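Just so it is clear, the values below take in all heavy atoms, side chains as well, and ignore hydrogens, waters and symmetry mates. Everything numeric in this text was worked out from a predicted model, so none of it was measured. Numbering of ligands and ligand atoms starts at 1, following listing order.
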Amino acid sequence: MRNQIAAANWKMYLTWQQGQELLESLASQIPALNGNHQVIIAVPFPYLTGSLEKTAGKKNVFIAAQNISDKKSGAYTGEVSGEMLASIGIPYVLVGHSERREYYHEDNAILAAKLDRALENGIKPIFCCGEPLEIREQETQNAFVETQLKESLFHLSAEQLENVVIAYEPIWAIGTGKTATSQQAEDIQKHIRSVVATQYGEAVADKVSILYGGSVKAANAVEIFSQPDVDGGLVGGASLNADEFLAIIKALQ
Ligand code: PGA
């Protein structure tokens, strides 16, 4: 059974005081999570250690970093390495979020290196992919996403790939209030799984969790998560509100 995951992405929101309140509220209300249900909360770097403390002992609740350097170590002011994240016990990291690709010029080759840095330090990457609006309008989204997967992921071994979570996030649906329909999400996520199967075989593809991201909220989570190739969501805006995010967690299948 694949992991079904509700992942929060706080982005560059919340002070640490607000973050602590949110974590306390979540920690006290998150229902006991079944074996394959997971909650992952991606917080800003300065909050990582404190967030680990706030969620300590909560089964299947994990803290993630939002970024990782493509370099191993060295004179790279402002960067945070995989080794550093591993040394404080961070189990997950976001890689390739569209905001990183767009505003910080992270291309498929840099993202491939970031995946390597995470995996060689025992950190599981949540690899984000997804097309901009003009690609969706040309109906070439399948080929676009396939290239993202090939150029960043497919140098990994099958064993490594099993430690990667894929998040499909159409850029036109992120923070816009415009959600892909559950059928649009299912169609492309099924395609993503088939592309992974072609490269690594059905058994591996079957194990990889593929999340949907882009304006997921309490009101649409059940419908989106009910699709067979949607294994949960990566949630931005709605993850900043405890009640909203708790409802999304409860929508896991
Ligand atoms: P959103 O963000 O839920 O606010 O659309 C999703 C994301 O960027 O991961």
J.: Testing Asn9, Val216, Leu240, Ile249 one by one against Val235 for a side-chain contact (heavy atoms from CB on, under 4.5 Å), which residue passes?
T.: Val216

J.: Which residue and non-hydrogen atom of the protein lie closest to atom 3 (O) of ligand 1, and at what distance in Å?
T.: Gly236 N, 2.8 Å

J.: Compute the centroid of each ring, for Phe225 and then for Tyr212, and state whether the two points are separated by less than 6.0 Å.
T.: no

J.: Under 4.0 Å from any heavy atom of Ser215, which atoms of ligand 1 are there?
T.: 1 (P), 3 (O), 5 (O)

J.: What protein heavy atom lies closest to atom 9 (O) of ligand 1? Include the residue and the distance to one decimal.
T.: Glu169 OE2, 2.7 Å

J.: Hey, does the side chain of His37 reach the backbone of Lys250 with a donor-acceptor pair shorter than 3.5 angstrom?
T.: no

J.: Mark up the atoms of ligand 1 that fall under 4.0 Å of a heavy atom belonging to Ala173, in ascending order.
T.: 5 (O)

J.: May I ask you to list the atoms of ligand 1 that are less than 4.0 angstrom from any heavy atom of Leu234?
T.: 6 (C), 9 (O)

J.: What atoms of ligand 1 come closer than 4.0 angstrom to any heavy atom of Gly237?
T.: 1 (P), 3 (O), 4 (O)

J.: May I ask whether Lys11 places a heavy atom under 4.0 Å from ligand 1?
T.: yes

J.: With heavy atoms of Gly214 as the reference, note each atom of ligand 1 found under 4.0 Å away.
T.: 5 (O)

J.: At a 4.0 Å threshold, what atoms of ligand 1 neighbour a non-hydrogen atom of Asn9?
T.: 9 (O)

J.: For His97, counting its heavy atoms only, list the atoms of ligand 1 lying under 4.0 Å from any of them.
T.: 7 (C), 8 (O), 9 (O)

J.: If I take atom CG from residue Leu94 and atom CD from residue Glu169, how far apart are they, to the nearest 0.5 angstrom?
T.: 8.5 Å

J.: Quick one: does Thr176 get an N or O within less than 3.5 Å of an N or O on ligand 1?
T.: no

J.: Run the salt bridge (Lys or Arg N to Asp or Glu O under 4.0 Å) check on Lys71 and Glu79 step by step: do they pass?
T.: CA-CA 9 Å; Lys71 307 286 196 297; Glu79 289 290 288; over 6 Å; no

J.: Looking just at side-chain N and O atoms, do Gln4 and Asp231 make a donor-acceptor pair shorter than 3.5 Å?
T.: yes

J.: Gly175 heavy atoms, cut-off 4.0 Å: which ligand 1 atoms fall inside?
T.: 1 (P), 4 (O), 5 (O)

J.: What part of Cys128, side chain from CB on, backbone N/CA/C/O, both or neither, has a heavy atom under 4.0 Å from ligand 1?
T.: neither

